[in-house]
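Quick one: this structure, given as structure tokens, is what I'll be asking you about.
In what follows, residues are counted from 1 in the order of the sequence shown. Atom set for the values below is all heavy atoms of this structure, side chains included, hydrogens, waters and symmetry mates excluded. Not measured: the values here are computed from a predicted model.
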Amino acid sequence: MVITLENSQISCEENTTLYDLSQEYQKNYEYPIIVAKVNGEIQELYHEVAEGSQVEFCTTQDSDGNRAYIRGLSMLLVKAVCKEIPKEERGQVVIHFSLDSGYFCQLTGKVRTDQELLQRIEARMRKYVRKNMLFQKRVIRTRDARQLFEKLNMTGKSKLMEYRRNSRMTVYDLGHFTDYYYGAMPYSTSILEHFELRLFEDGFVFVAPRREAPTTMPEFHPSIKQYRTMQMANEWHRKLQVATVGELNEAIVKGQFQELMLTQEALHEKRIGDIAEEIAGKGCRIVTIAGPSSSGKTTFSYRLSTQLKTLGLTPHPIALDDYFVNREDTPKDEKGDYDYECLEAIDIRQFNADLMALLQGKEVQLPTYNFITGLREYDKPLLKIGEGDILVIEGIHGLNDKLTYAIPREDKFKIYISALTTLNLDIHNRIPTSEARLIRRIIRDARTRGNSAQKTISMWDSVRKGEQHNIFPFQEEADAMFNSALIYELAAMKLYADPVLFQVPRESKEYAEAQRLLKFLDYFIPVDPHDVPLNSILREFIGGGILLN
């Protein structure tokens with residue numbers, strides 16, 4: 001039998017599994033092989049290879065491999081908790097959200113989460129790693145899966161399956177423990193040797209290696225402000241009684257979507273109003289807004305400006321992009337491409353000079369960057385601001401004090417915005433905070449730039465790398481954080497995302513990611529996006545809003 005492995009044809013015997021091949025070829029890879037991509041689709045290593053298959057191995061350093069590692073650790077954790085804590089005290093393990101290099105979890109039962117308990121759970125997890133236990137996949141009827149998880153008191157899982165159209169579901173066994181996980185799992189527990197449990201706030205985190213260094217345990221430096229923002233979103237979800245996708249689908253089926261959507265939008269507006277009052281109370285003259293790609297920064301800045309006006313203030317927007325240095329002076333990245341995301345791409349000296357002049361009551365002519373010629377132009381009317389005027393600056397470096405080095409700290413108010421998703425598939429299957437942002441960007445790029453989903457996906461790793469360097473290290477410097485995630489948005493974006501994702505060619509390297517996103521979106525019952533309010537942050541991506549052209 002002949003297959004193609006990493007662009008080379010090789011011969012192998014009938015009934016050869018991907019695991020057999022991984023053992024033979026592991027020596028060619030720096031990091032452990034955990035799953036494989038077969039004909040463009042992610043598969044677990046227990047699968048047998050077929051004649052003519054095209055196989056690529058994914059290590060723990062690849063995005064698909066890293067996701068499989070976290071899923072495997074999650075099941076390992078839940079199994080250890082179920083074994084270590086008596087049933088009458090245990091309750092459930094809830095894996096809430098990512099936080100720096102860790103994943104925040106809580107136990108819902110009567111047991112007290114302390115260091116001694118975590119040490120016992122971690123010791124049991126390491127025991128399972130040494131035993132090299134297999135993750136065994138079973139396909140059962142969806143009806144049977146629902147009954148199974150209802151019996152195990154995992155109501156979120158049974159509710160998720162209630163709205164699945166597939167007649168059969170995949171579950172995993174780890175010894176005598178059964179659970180459901182979205183996506184491919186590792187072959188066995190032996191690969192999961194790098195992790196650590198730590199107490200944190202009113203729960204704990206399991207710390208796992210970062211994708212870029214998958215065999216090295218990272219330090220854990222959580223953003224307390226981000227944690228509190230995420231917990232605020234969790235509290236909103238509890239009040240709305242929608243913390244999982246199953247509960248969201250149930251609300252949609254019962255005709256509660258309009259009320260849910262309007263309540264969520266009202267919570268957004270209230271939070272924006274609170275931030276505006278804080279700005280006014282401090283008397284700051286400059287507001288900077290920064291956040292990762294597709295966070296909704298532009299719509300947020302418009303809505304914040306509206307709230308500032310209700311307080312008697314006059315906001316003036318300033319686009320940081322207009323201060324790009326001339327293209328010939330723009331730094332280049334390691335590939336030789338212009339790096340518009342580094343701080344050095346901004347003429348921060350001129351930027352600070354203009355800000356200082358404006359604050360001193362002088363007239364200033366602000367520049368406009370011509371993206372066609374790569375030059376700054378001066379064709380705007382002169383700007384002069386008064387005592388009640390505020391400069392609102394939106395840009396990637398807004399949290400970095402080097403951007404506004406000439407402005408005293410007390411004159412600045414810095415806002416961090418991101419779509420910090422806390423809605424999860426169920427209590428063990430979290431939705432990464434970057435997932436909704438990627439889908440937002442795919443939809444917006446297709447609508448406004450004519451970009452295919454394939455192109456957007458191909459650029460995403462580079463976008464994320466820029467965020468890691470230019471935004472995330474400064475988020476704790478923010479005076480306020482705004483979570484732009486909407487509890488209903490994935491249900492509203494599904495009808496826009498599906499058509500463009502289906503266009504990604506099977507032969508492309510982006511196909512597996514497109515298929516993963518399609519499978520993910522299939523968990524959501526779609527809603528009519530025309531119901532979304534015209535000033536919603538979601539309108540920045542799906543279009544039809546009143547705040548953007």
Notebook entry, point to check: For the atom pair OG (Ser294) and CG (Asp445), what is the distance rounded to the nearest 0.5 Å?
Noted result: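 Between Ser294 OG and Asp445 CG, I get 7.0 Å after rounding to 0.5 Å.
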
Check: Salt bridge between Glu540 and Arg441, side-chain N to carboxylate O under 4.0 Å?
Finding: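 The answer is no: the pair does not qualify as a salt bridge.
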
Check: Are Glu41 and Arg506 within salt-bridge range, i.e. N to O under 4.0 Å?
Finding: yes

Next item on the list: Please test Arg238 against Glu235 for salt bridge (Lys or Arg N to Asp or Glu O under 4.0 Å), starting from the C-alpha separation and ending with a verdict.
Entry: CA-CA 5 Å; Arg238 280 190 288 270; Glu235 184 60 31; 3.0 Å; yes

Notebook entry, point to check: Only one of Leu76, Val93, Val81, Thr113 clears side-chain contact (heavy atoms from CB on, under 4.5 Å) with Ile121; which?
Noted result: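 Considering Leu76, Val93, Val81, Thr113, a side-chain contact (heavy atoms from CB on, under 4.5 Å) with Ile121 is found only for Val81.
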
Notebook entry, point to check: Just checking, any donor-acceptor pair under 3.5 angstrom between side chains of Ser188 and Asn132?
Noted result: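 Yes, because at least one side-chain N or O of Ser188 sits under 3.5 Å from a partner of the opposite role on Asn132.
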
Item checked: Donor-acceptor contact present, side-chain Asp333 to main-chain Asp337, <3.5 Å -> yes

Notebook entry, point to check: Within a reach of under 6.0 Å around NZ of Lys225, are more than 12 heavy atoms found that belong to other residues, nucleotides or ligands?
Noted result: yes

Checklist line | Main-chain N/O of Thr17 paired to Asp20 side chain as donor or acceptor, under 3.5 Å | finding: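 Present.
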
Next item on the list: Could you walk me through whether Tyr172 and Thr178 pass the side-chain contact (heavy atoms from CB on, under 4.5 Å) test, one step at a time?
Entry: CA-CA 6 Å; Tyr172 292 90; Thr178 301; over 6 Å; no

Item checked: Carboxylate-amine/guanidinium contact Glu122 Arg120, below 4.0 Å -> no

Check: What pair of heavy atoms forms the shortest contact from Pro209 to Thr216, and how long is it?
Finding: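 Here Pro209 and Thr216 meet closest at CB-O, 3.6 Å.
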
Notebook entry, point to check: In terms of side-chain geometry, is the basic nitrogen of Glu467 or Arg464 positioned less than 4.0 Å from the acidic oxygen of its partner?
Noted result: yes

Note to self: Quick check: closest heavy atoms across Ser293 and Arg444, and the distance to 0.1 Å?
What the structure shows: OG-NH2, 4.4 Å

Next item on the list: Report the C-alpha distance between Tyr488 and Phe257 in whole Å, list the side-chain angles of each, state the deciding distance to 0.1 Å, and finish with yes or no for ring-ring contact (aromatic ring centres under 6.0 Å, His included).
Entry: CA-CA 8 Å; Tyr488 68 86; Phe257 170 67; 5.6 Å; yes

Check: So, for Leu248 and Ala491, which heavy atoms are closest and what is the spacing to 0.1 Å?
Finding: CD2-CB, 4.4 Å

Next item on the list: Give a yes-or-no answer on whether the side chains of Asn424 and His96 include a donor-acceptor pair shorter than 3.5 Å.
Entry: no

Margin query: Does this structure show an ion pair linking Arg112 with Asp114, if we count only N-O contacts that are shorter than 4.0 Å?
Written below: yes

Check: Given the side-chain rings of Phe220 and Phe200, with only the six-membered ring counted for Trp, is the space between their centroids under 6.0 Å?
Finding: yes

Item checked: Candidate pair Val78 and Phe177, rule side-chain contact (heavy atoms from CB on, under 4.5 Å), full reasoning -> CA-CA 9 Å; Val78 178; Phe177 175 71; 3.5 Å; yes

Next item on the list: Tell me, with the steps shown, if Tyr182 and Tyr523 meet side-chain contact (heavy atoms from CB on, under 4.5 Å).
Entry: CA-CA 10 Å; Tyr182 156 66; Tyr523 287 94; 3.6 Å; yes

Next item on the list: Spell out, as yes or no, whether a donor-acceptor pair under 3.5 Å connects the side chain of Thr59 to the backbone of Gln61.
Entry: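 At least one qualifying donor-acceptor pair exists.
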
Item checked: Under-4.0 Å salt bridge between Lys465 and Glu334 ->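 Answer for the salt bridge query: yes.
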
Notebook entry, point to check: So, Lys455 and Glu510, do they make that salt bridge, N to O below 4.0 Å?
Noted result: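 Not counted as a salt bridge, because no side-chain N and carboxylate O are separated by less than 4.0 Å.
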
Next item on the list: Can you establish whether the number of heavy atoms outside Glu116 located under 6.0 Å from its atom CD is more than 12?
Entry: yes

Notebook entry, point to check: With a 4.5 Å heavy-atom cut-off, do Glu247 and Leu240 have their side chains touching?
Noted result: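 A side-chain contact under 4.5 Å is absent here.
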
Check: Charged N to carboxylate O below 4.0 Å: is that the case for Arg138 and Asp173?
Finding: yes

Note to self: With a 6.0 Å cut-off on the ring centroids, do Phe104 and Tyr227 count as close?
What the structure shows: yes

Checklist line | Smallest separation among heavy atoms of Val504 and Gln454, with atom names | finding: CG2-N, 3.8 Å

Margin query: Can you see whether Ser63 engages Asn66 through a side-chain donor-acceptor pair at a distance of less than 3.5 angstrom?
Written below: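 Per modelled atom types, Ser63 and Asn66 side chains form no pair under 3.5 Å.
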
Next item on the list: Mind listing the closest non-hydrogen atom pair of Val2 and Ser11 along with its distance?
Entry: CG2-OG, 4.0 Å

Margin query: Both conditions, 6.0 Å and 45 degrees, for the charged tip of Lys494 above the ring of Tyr496: are they met here?
Written below: no

Item checked: Side-chain heavy-atom pair Leu501, Ile457 within 4.5 angstrom cut-off -> yes

Item checked: Donor-acceptor contact below 3.5 Å, side chain Asp202 vs main chain Gln106 ->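 Not a single qualifying donor-acceptor pair exists.
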
Notebook entry, point to check: Should the pair Arg168-Asp144 be classified as a salt bridge under the 4.0 Å nitrogen-to-oxygen rule?
Noted result: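 Here Arg168 does not pair with Asp144 in a salt bridge, since their nearest N and O are not under 4.0 Å apart.
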
Check: Would a distance-only check, ignoring hydrogens and angles, find a side-chain to backbone donor-acceptor pair under 3.5 Å from Ser462 to Met459?
Finding: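 Side chain of Ser462 to backbone of Met459, a donor-acceptor pair under 3.5 Å: no, none is there.
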
Note to self: Please determine whether side-chain contact (heavy atoms from CB on, under 4.5 Å) holds for the pair Met481 and Met232, giving the CA-CA distance in whole Å, both sets of side-chain angles, and the decisive distance to 0.1 Å.
What the structure shows: CA-CA 11 Å; Met481 283 193 177; Met232 181 188 298; over 6 Å; no

Next item on the list: Decide, yes or no, whether a salt bridge links Asp522 with Arg164 under the criterion of side-chain N to carboxylate O below 4.0 Å.
Entry: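 Answer for the salt bridge query: yes.
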
Check: When you measure from the centre of the six-membered ring of Tyr128, is the NZ or CZ of Lys79 under 6.0 Å away and within 45° of the axis?
Finding: yes

Notebook entry, point to check: Is the closest side-chain heavy-atom distance between Phe149 and Asp426 below 4.5 Å?
Noted result: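 Phe149 vs Asp426: side chains apart.
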
Margin query: Looking at Gln241, I want to see if its CD is surrounded by more than 12 non-hydrogen atoms of other residues, nucleotides or ligands under 6.0 Å.
Written below: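 Open.
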
Notebook entry, point to check: How about Val242 and Leu423: do any of their side-chain heavy atoms sit closer than 4.5 Å?
Noted result: yes

Margin query: Less than 4.5 Å apart, side chain to side chain, heavy atoms only: is that true for Asn7 and Gln54?
Written below: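 No. Closest side-chain heavy atoms not under 4.5 Å.
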
Next item on the list: Evaluate the side-chain proximity of Met217 to Val207: yes if any heavy-atom separation is below 4.5 Å, no if none is.
Entry: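 Sidechains of Met217 and Val207: in contact.
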
Next item on the list: Using the test ring-ring contact (aromatic ring centres under 6.0 Å, His included), find all partners of Tyr103 that sit at least two apart in sequence or belong to another chain.
Entry: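 With sequence neighbours excluded, Tyr103 shows a ring-ring contact (aromatic ring centres under 6.0 Å, His included) to Phe206, given in chain and number order.
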
Notebook entry, point to check: What are the two closest non-hydrogen atoms of Val49 and Cys12, and how far apart are they?
Noted result: CG2-SG, 4.0 Å

Notebook entry, point to check: Between Ser223 and Arg228, is any side-chain donor less than 3.5 angstrom from a side-chain acceptor?
Noted result: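 No.
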
Check: Are Tyr69 and His194 near enough that their ring centres are under 6.0 Å apart?
Finding: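 No, the ring centres sit 6.0 Å or more apart.
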
Notebook entry, point to check: Can you find a heavy atom in the side chain of Phe541 that is under 4.5 Å from one in the side chain of Ile439?
Noted result: no

Next item on the list: Return yes if a side-chain donor-acceptor contact under 3.5 Å exists between Tyr29 and Glu6, otherwise no.
Entry: yes

Check: Where the side chain of Thr421 meets the backbone of Ile431, is there a donor-acceptor pair that is under 3.5 Å apart?
Finding: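 No; zero donor-acceptor contacts below 3.5 Å.
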
Checklist line | Pairwise side-chain contact, Gln226 with Glu476, heavy-atom cut-off 4.5 Å (strictly under) | finding: no

Next item on the list: Determine, stepwise, if the pair Asp100 / Arg210 fulfils salt bridge (Lys or Arg N to Asp or Glu O under 4.0 Å).
Entry: CA-CA 10 Å; Asp100 192 53; Arg210 299 184 188 276; 3.1 Å; yes

Next item on the list: Check whether more than 12 heavy atoms from other residues, nucleotides or ligands sit under 6.0 Å from atom CD of Glu51, and answer yes or no.
Entry: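 Count over threshold, so yes.
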
Item checked: Tyr181 six-ring face occupied by Lys157 cation (under 6.0 Å, within 45°) -> yes

Checklist line | Among Arg437, Arg440, Glu489, side chain to side chain donor-acceptor pair (under 3.5 Å) partner for Ser484 | finding: Arg440

Margin query: Check for me whether Arg211 meets the cation-pi criterion with Tyr31, that is, NZ or CZ under 6.0 Å from the six-membered ring centre and within 45 degrees of the ring axis.
Written below: no

